[in-house]
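Structure record follows, encoded as structure tokens.
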Amino acid sequence: QVQLVESGGGLVQPGESLRLSCAASGFTTDYYTIAWFRQAPGKEREGVSYISWLGGSTDYADSVKGRFTISRDNGKKTVWLQMNMLTPEDTAVYYCAAKRGSLINGWKMKQQYNYWGQGTRVTVSS
């Protein structure tokens, strides 16, 4: 049984940083693509970043490039999202998602992900 647990969200001021974590359990020898999505109030859930489990491939939404960095620790089965220079537009609930098998039509299509965490809330406000 695969389980994803996000943590690290909170309330910060613009320009500050947060580091989110996604702890995965239930994986055996299977490899999973891990992605971060976020959902702001009144908006649909959108892709933020992704990382392949062993291949090291990453990508970011245009809105966060240069500010966010995704990384992994396969020994601990944990994926991190370092978020710098946060703005109010980054305010959202951030979700970790895992996709078993091959990606379909890139990484941003949320419907393809098999497992989701409960989300961690990030609020950026003065």
Side-chain angles (χ1 to χ4, degrees):
Q1 182 72 19
V2 174
Q3 184 177 5
L4 305 176
V5 179
E6 306 97 331
S7 62
L11 173 64
V12 297
Q13 296 183 1
E16 295 183 341
S17 299
L18 282 173
R19 187 173 178 87
L20 307 182
S21 66
C22 172
S25 63
F27 295 164
T28 56
T29 58
D30 294 330
Y31 298 153
Y32 292 82
T33 297
I34 305 295
W36 286 97
F37 288 77
R38 67 185 182 185
Q39 187 164 20
K43 296 184 178 180
E44 295 186 2
R45 195 169 300 183
E46 63 178 356
V48 178
S49 181
Y50 99 102
I51 186 168
S52 59
W53 193 244
L54 291 180
S57 298
T58 63
D59 197 15
Y60 302 88
D62 289 342
S63 59
V64 307
K65 286 182 178 178
R67 299 187 297 118
F68 290 11
T69 303
I70 192 169
S71 60
R72 66 179 186 266
D73 182 342
N74 285 337
K76 298 181 179 180
K77 292 183 171 59
T78 301
V79 174
W80 305 86
L81 184 67
Q82 178 67 42
M83 307 187 298
N84 298 326
M85 297 178 289
L86 287 163
T87 75
E89 288 69 39
D90 297 315
T91 296
V93 176
Y94 284 71
Y95 298 90
C96 180
K99 173 69 171 69
R100 173 174 46 83
S102 300
L103 289 171
I104 301 174
N105 194 29
W107 65 272
K108 294 183 178 180
M109 188 175 67
K110 57 182 178 292
Q111 293 85 354
Q112 71 183 304
Y113 289 87
N114 305 108
Y115 309 100
W116 293 83
Q118 83 289 346
T120 185
R121 184 176 298 275
V122 172
T123 302
V124 185
S125 179
S126 299

Is there a chain of hydrophobic side chains (I, L, V, M, F, W, Y, each step under 4.5 Å between heavy atoms) that links Trp80 to Ile70?
no

Do you know the tightest heavy-atom contact between Ile51 and Arg72?
CD1-NH1, 3.4 Å

I'd like to know if Val79 and Val2 are part of one continuous hydrophobic network [Ile/Leu/Val/Met/Phe/Trp/Tyr, side-chain heavy atoms within less than 4.5 Å].
yes

Pairwise side-chain contact, Leu86 with Glu16, heavy-atom cut-off 4.5 Å (strictly under):
no

Would you find a donor on one side and an acceptor on the other, under 3.5 Å apart, between the side chain of Thr58 and the backbone of Tyr50?
no

Which atom pairs, donor and acceptor, lie under 3.5 Å between side-chain atoms of residues 34-44 and protein residues at least two apart or in another chain?
unit_1 : atom_1 : unit_2 : atom_2 : d
Arg38  : NE     : Glu46  : OE2    : 3.1
Arg38  : NH1    : Asp90  : OD1    : 2.9
Arg38  : NH1    : Tyr94  : OH     : 2.9
Arg38  : NH2    : Ser63  : OG     : 3.3
Gln39  : OE1    : Arg45  : NE     : 3.4
Gln39  : OE1    : Arg45  : NH2    : 3.4
Gln39  : NE2    : Lys43  : O      : 3.2

Within this structure, what is the CD1-CD distance for the pair Ile104 and Gln111, rounded to the nearest 0.5 Å?
10.5 Å

How about Met83 and Val48: do any of their side-chain heavy atoms sit closer than 4.5 Å?
no

Quick test of your reading: applying disulfide (SG to SG under 2.5 Å), list the pairs with at least one residue in residues 59-89, sequence neighbours left out, ordered by first then second residue.
none

Between OG on residue Ser17 and CD on residue Gln82, distance to nearest 0.5 Å
5.5 Å

To the nearest 0.5 angstrom, please state how far the OG atom of Ser49 sits from the NZ atom of Lys65.
10.0 Å

Does Tyr113 reach the side chain of Leu103, with side-chain heavy atoms less than 4.5 Å apart?
yes

Hey, what do you get for CG (Leu4) to OH (Tyr32), rounding to the nearest 0.5 Å?
9.5 Å

Show me the donor-acceptor pairs, under 3.5 Å and distance only, between side chains in residues 116-126 and residues at least two apart or in other chains.
unit_1 : atom_1 : unit_2 : atom_2 : d
Gln118 : NE2    : Glu6   : O      : 3.0
Gln118 : NE2    : Glu6   : OE1    : 3.4
Thr120 : OG1    : Gly9   : N      : 3.0

Quick check: is Trp107 connected to Tyr95 through a chain of hydrophobic side chains (ILVMFWY, heavy atoms under 4.5 Å apart)?
yes

